[in-house]
Amino acid sequence: MTPPRRGGGGTPPPGRRTPKARSAGTGGAPHRQAGGPGPTQAGAPGPRQAGTRSTRGRSGARADQGSLGGVQVEGRQAVRELLVARRRRVRQVLVGEGADDGPLADLVRLATEQGVPVRHFGRGQLAAAAVTDAPQGVVAHAEPIEPVDVEELLCVSRALLVVLDGVTDPHNLGAIMRSALAAGATGVVLARHRAAHLTPAAMKAAAGAAEHLPVAVVGGIPAALAAARAAGVWTAGLDAGGGVALWDMPVATEAVALVLGAEGAGLSRLVRDRCELLVRVPMLGPLASLNVSATAALACFEVARRRATTSPA
């Protein structure tokens with residue numbers, strides 16, 4: 001099956017196959033499923049964690065304006081990966097009661113071996129220093145995570161990118177990064193404005209994935225998709241009205257960017273128009289949509305499955 005290319009797209013980049021008409025006979029804007037809540041399967045808001053504090057927090061929890069973030073890391077798995085990855089300087093590790101044995105003792109050992117200052121806090125002190133509700137007895141402060149240029153992500157052979165269009169929930173961002181890394185994704189693309197960045201909540205939900213998965217921050221997602229197309233990377237938007245089922249996505253074995261929309265609103269009109277094909281997750285039950293992080297996990301692992309069983313075209 002030749003991947004469809006949307007009308008008005010101009011000449012395909014060198015090496016791309018000749019496009020056919022859009023799938024499912026839509027010929028225009030994608031249809032919505034009857035009774036669906038909105039245009040995208042990734043549109044359902046994620047579960048909100050009760051009592052989660054503001055991501056502004058204390059102890060430098062909020063990064064400077066324009067920064068990707070990642071300066072405050074909470075939770076045992078996230079702090080462990082911070083120390084193991086050794087990709088950026090760790091300023092200090094704060095540990096609570098019970099650090100003399102168990103998982104916290106191992107984190108203290110790792111930090112000490114690397115010359116990272118370790119401070120022991122009481123339960124109340126650590127809770128005051130944390131931003132999330134459950135830091136699991138450990139909070140670390142580190143240099144910010146440096147974003148990469150989007151061009152670096154686009155030139156990777158058989159890239160698998162996750163592009164987020166207005167995803168603002170940091171828990172969803174973290175969960176998406178964790179699933180994407182596990183499925184072999186090569187990078188994430190975020191917008192500079194009106195999008196979640198690496199707050200403490202996102203870092204905790206990512207469970208260390210932020211230490212390994214490159215992230216690019218761009219001025220606008222539509223322009224980034226145009227750059228992807230010019231670089232020979234297919235752009236596939238996850239949308240409930242997509243004409244192609246995820247299981248039949250024809251570009252899974254090629255360099256591809258999976259584009260997911262905001263909680264509730266889904267893909268914006270301009271971003272949807274810039275996607276070369278629209279892909280839906282077949283829904284077998286009565287619900288019409290999935291949480292954006294669940295959709296991302298399904299899409300990433302479907303690409304991984306296809307690549308494991310199919311030779312590159």
Side-chain angles (χ1 to χ4, degrees), residues 49 52-149 152-153 170-171 173-182 185-188 190 196-217:
Q49 292 188 5
T52 301
R53 303 185 185 96
S54 165
T55 55
R56 182 178 299 272
R58 292 164 289 274
S59 304
R62 184 174 182 179
D64 295 336
Q65 185 175 5
S67 169
L68 180 57
V71 296
Q72 181 151 321
V73 184
E74 304 181 10
R76 295 171 185 172
Q77 183 62 29
V79 173
R80 171 178 291 280
E81 291 303 319
L82 169 67
L83 293 168
V84 169
R86 299 194 182 200
R87 293 180 59 189
R88 54 198 178 112
R89 185 171 74 88
V90 183
R91 295 188 175 119
Q92 64 176 348
V93 173
L94 316 179
V95 294
E97 298 173 355
D100 294 334
D101 53 23
L104 289 179
D106 192 39
L107 293 179
V108 170
R109 178 186 58 78
L110 283 171
T112 303
E113 289 175 351
Q114 297 178 26
V116 177
V118 177
R119 299 176 60 190
H120 291 75
F121 276 20
R123 188 185 302 271
Q125 289 177 306
L126 190 68
V131 174
T132 63
D133 282 343
Q136 299 176 313
V138 61
V139 173
H141 297 150
E143 294 290 340
I145 291 178
E146 290 295 331
V148 302
D149 291 334
E152 293 182 35
L153 300 182
H171 301 93
L173 171 59
I176 289 168
M177 293 183 69
R178 185 175 187 177
S179 296
L181 181 66
T186 55
V188 172
L190 306 176
H197 286 180
L198 295 179
T199 65
M203 294 294 291
K204 186 171 184 292
E211 308 301 333
H212 304 281
L213 190 61
V215 179
V217 179

* To the nearest 0.5 angstrom, please state how far the CG atom of L82 sits from the CE atom of M203. => 7.0 Å
* Check step by step if side chain to side chain contact (heavy atoms under 4.5 Å, CB included) holds for V95 and V108. => CA-CA 8 Å; V95 294; V108 170; 3.9 Å; yes
* For the student: nearest non-hydrogen atoms of V71 and E143, plus distance -> CG1-C, 4.4 Å
* For the student: nearest non-hydrogen atoms of G187 and L213, plus distance -> N-CD1, 3.8 Å
* To do: Report the distance from atom CD of Q136 to atom CG of L104, rounding to the nearest 0.5 Å.
  => 9.0 Å
* Structure fact -> Nearest heavy-atom approach of M177 to A210 is CE-CA, 3.7 Å
* To do: Return the minimal non-hydrogen interatomic distance between G75 and K204, and the atom names on each side.
  => CA-CE, 4.4 Å
* If you count the non-hydrogen atoms of other residues, nucleotides and ligands that lie under 6.0 Å from CZ in R109, is the total more than 12? -> yes
* Structure fact -> Interatomic distance, CD@Q92 vs CZ@R119, rounded to 0.5 Å, equals 5.0 Å
* Asked: Counting distance only, does the side-chain N/O of R88 pair as donor-acceptor with the main-chain N or O of G70 below 3.5 Å?
  -> yes
* **Nearest-0.5 Å distance, OG1 of residue T186 to CD of residue E152** => 12.0 Å
* Structure fact -> Between T132 and the options Q72, H171, E74, the side-chain hydrogen bond (donor to acceptor under 3.5 Å, both in side chains) test singles out E74
* Run the side chain to side chain contact (heavy atoms under 4.5 Å, CB included) check on L68 and L190 step by step: do they pass? -> CA-CA 9 Å; L68 180 57; L190 306 176; 4.1 Å; yes
* Structure fact -> Between the CD atom in E146 and the CZ atom in R87, the distance rounded to the nearest 0.5 Å is 10.5 Å
* Asked: Which atom pair, heavy atoms only, marks the closest approach of L94 to A129?
  -> CD1-CB, 4.1 Å
* Considering the options V215, V217, I145, which one meets the side-chain contact (heavy atoms from CB on, under 4.5 Å) requirement together with H197? -> V217
* Return the minimal non-hydrogen interatomic distance between L173 and A196, and the atom names on each side. => CD2-O, 3.4 Å
* Asked: Which value, rounded to the nearest 0.5 Å, describes the distance between E211 atom CD and R80 atom CZ?
  -> 13.5 Å
